[in-house]
Amino acid sequence: LLSFFFATGLSPATAADGDDSLLERVARGDRRALKRLYDRFAGQVLAVGLRVLGSRADAEEVTQEVFVEVWSRADRFDPERGSARAWLMGIARNRAIDRLRRRQADSRMAEAVRGEERPSGPGPLEDAEARELRERVRAALMSLGPEQRTTLELAYYEGLSQSEIAERLGAPLGTVKSRVRLAMDRLAQLLPPGSDR
Amino acid sequence: MTCAEFKEQVAAWALGALTAGESRAMEAHLAGAEHQGCAEALRRARESLALIALAETPQRPSAAAWQAIERRLGEAPASSSARPWIGWLVAAAAVLLLFFTLRDRAQRLDEAAATARHEQQLRAACTADLEHAQKNAQLRAEALALLEQAGTRLVPLAPQGATVASANVIWSEHRAFVVGHALSPAPGKDYELWVIRGDQKIPAGLLRGDSLVAAIDPKLLQGGRPDALAVTLEAAGGRPQPEGPIVLVGKI
């Protein structure tokens with residue numbers, strides 16, 4: 001039955017589809033699989049874009065770029081190197097940071113961030129399971145010391161290098177390196193692989 | 001790089017927080033044959049990072065967002081008849097990707113050029129500051145040496161009005177220095193020094209700085225001892241004749 005669907009391009013996209021298999025189908029040119037991934041991840045991609053850029057219009061643009069890139073590069077996804085979600089959210093974060101840097105280069109970031117309200121679009125999109133996971137992730141982040149959390153957020157949401165973080169915080173580079181490592185170790189401890197399932 | 005060193009840095013690498021050189025070293029290490037869990041450590045770091053994104057409350061994209069993505073992919077119906085078009089769709093997506101890549105690269109080159117220009121300006125400003133500091137240090141040494149010479153006079157310039165500026169003149173027959181404090185004028189203004197002989201008011205340069213030493217041009221001393229020295233507040237760049245208020249004045 002599956003081979004019939006693939007042969008006709010009418011591949012079934014059910015809730016049971018794993019993210020990895022959806023990406024494999026996208027790599028074969030299955031647009032419905034891309035739509036399925038979009039339905040699953042677009043809300044989170046948009047949220048990260050909003051957090052990084054502070055502008056809904058920019059975040060929407062980034063979301064489009066991300067899924068166009070997923071469509072073009074799905075064949076490069078290697079499940080051995082990480083999950084589909086990690087790959088896709090990595091693209092989302094990188095594209096948002098790229099746009100942030102371009103904006104900073106144009107010296108327009110501060111105005112853009114201050115000038116626009118973040119949650120100005122349609123409301124939150126999540127089910128109970130996603131909400132429960134989000135609360136656990138937030139609790140894990142909050143359990144980090146404030147310095148570790150700030151360091152991690154500067155790296156993740158502002159794309160700063162460890163040297164730039166050290167300069168921003170006025171802390172020694174070695175301290176920043178150790179905060180990054182300890183924070184990530186702690187997150188891995190609190191949210192072990194499979195904890196989202 | 002050892003596997004232990006790799007694992008020490010793997011979180012920062014996954015975050016993109018390493019320098020280009022450090023990242024290359026990580027890539028080179030990972031490309032090596034023998035490992036003690038390096039790929040697994042990288043995988044774990046990436047998974048943890050993906051979870052950070054989940055801390056944000058997901059937002060519903062606008063209704064037009066998916067349609068915009070479809071337009072970017074190249075419009076083709078999701079049916080069996082679409083299959084021959086997939087190559088074209090992929091090509092269109094690749095062209096789009098190429099376009100964005102080239103555009104990004106051009107923007108990055110522009111940014112790099114702007115950064116280089118900015119650095120050049122900073123370098124020039126820094127060089128000027130250092131040269132100024134060096135010149136100032138030299139002037140201070142010369143002023144100190146003159147002060148210690150027998151026959152040198154020290155002439156205070158008396159503040160006029162409510163000024164906080166102050167200055168003394170170290171004076172000898174052939175050389176003279178002004179040592180001043182709080183000579184930082186408002187924007188668009190400058191403190192100007194004058195050598196006064198009878199009715200003649202000869203401009204002797206601008207004075208700037210919280211703590212400065214300025215040499216008076218020896219040529220201005222050649223006409224014999226002046227009657228007085230004065231400092232006025234003038235428009236930026238100074239004037240050939242004093243127009244602004246007198247801030248400091250002292251008889252020689």
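For the numbers below, each heavy atom of this structure counts, side chains included, while hydrogens, waters and symmetry mates do not.
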Quiz item: Under the 3.5 angstrom rule, does the side chain of B/E56 hit a backbone N or O of A/V48 as a donor-acceptor pair?
Solution: no
Quiz item: Does any N or O in the side chain of B/R43 come within less than 3.5 Å of the main-chain N or O of A/P79, such that one atom is a donor and the other an acceptor?
Solution: yes
Self-check item: For chain A, the option from B/A68, B/G16, B/A55 that forms the most heavy-atom pairs under 4.5 Å
Solution: B/A55
Practice problem: May I ask you to decide if the ring planes of B/W66 and A/Y38 are parallel, tilted or perpendicular, using 30° and 60° as cut-offs? | Solution: tilted
Side chain, backbone, both or neither: which part of [X] has a non-hydrogen atom closer than 4.5 Å to chain A?
| X | value |
| --- | --- |
| B/L15 | both |
| B/A53 | both |
| B/E8 | both |
| B/L97 | side chain |

Does [X] come within less than 4.0 Å of [Y], counting only side-chain N to carboxylate O?
| X | Y | value |
| --- | --- | --- |
| A/R76 | A/E69 | no |
| A/R36 | A/D39 | no |
| A/E65 | A/R73 | no |

Proximity breakdown for [X] and chain B, heavy-atom pairs closer than 4.5 Å:
| X | answer |
| --- | --- |
| A/F41 | neither |
| A/K177 | side chain |
| A/I165 | neither |
| A/D98 | side chain |
| A/R93 | side chain |
| A/E80 | backbone |
| A/L141 | side chain |

Exercise. Go through A/R56 and B/Q59 one step at a time and tell me if the side chain to side chain contact (heavy atoms under 4.5 Å, CB included) criterion holds.
Key: CA-CA 10 Å; A/R56 186 164 184 106; B/Q59 300 291 313; 4.0 Å; yes
With respect to chain B, which residue among [options] yields the maximal number of heavy-atom pairs within a distance under 4.5 Å?
| options | answer |
| --- | --- |
| A/V45, A/N94, A/D185, A/L34 | A/L34 |
| A/E164, A/M89, A/E61, A/K35 | A/K35 |
| A/A140, A/S163, A/A155, A/A59 | A/A155 |

Quiz prompt | More than 12 heavy atoms from other groups under 6.0 Å of CD on A/E135 | solution = yes
Quiz item: Between atom CD of A/Q44 and atom OG1 of B/T57, what is the distance when rounded to the nearest 0.5 Å?
Solution: 8.0 Å
Exercise. Using only heavy-atom distances, determine whether the side chains of A/T150 and A/R168 contain a donor-acceptor pair under 3.5 Å.
Key: no
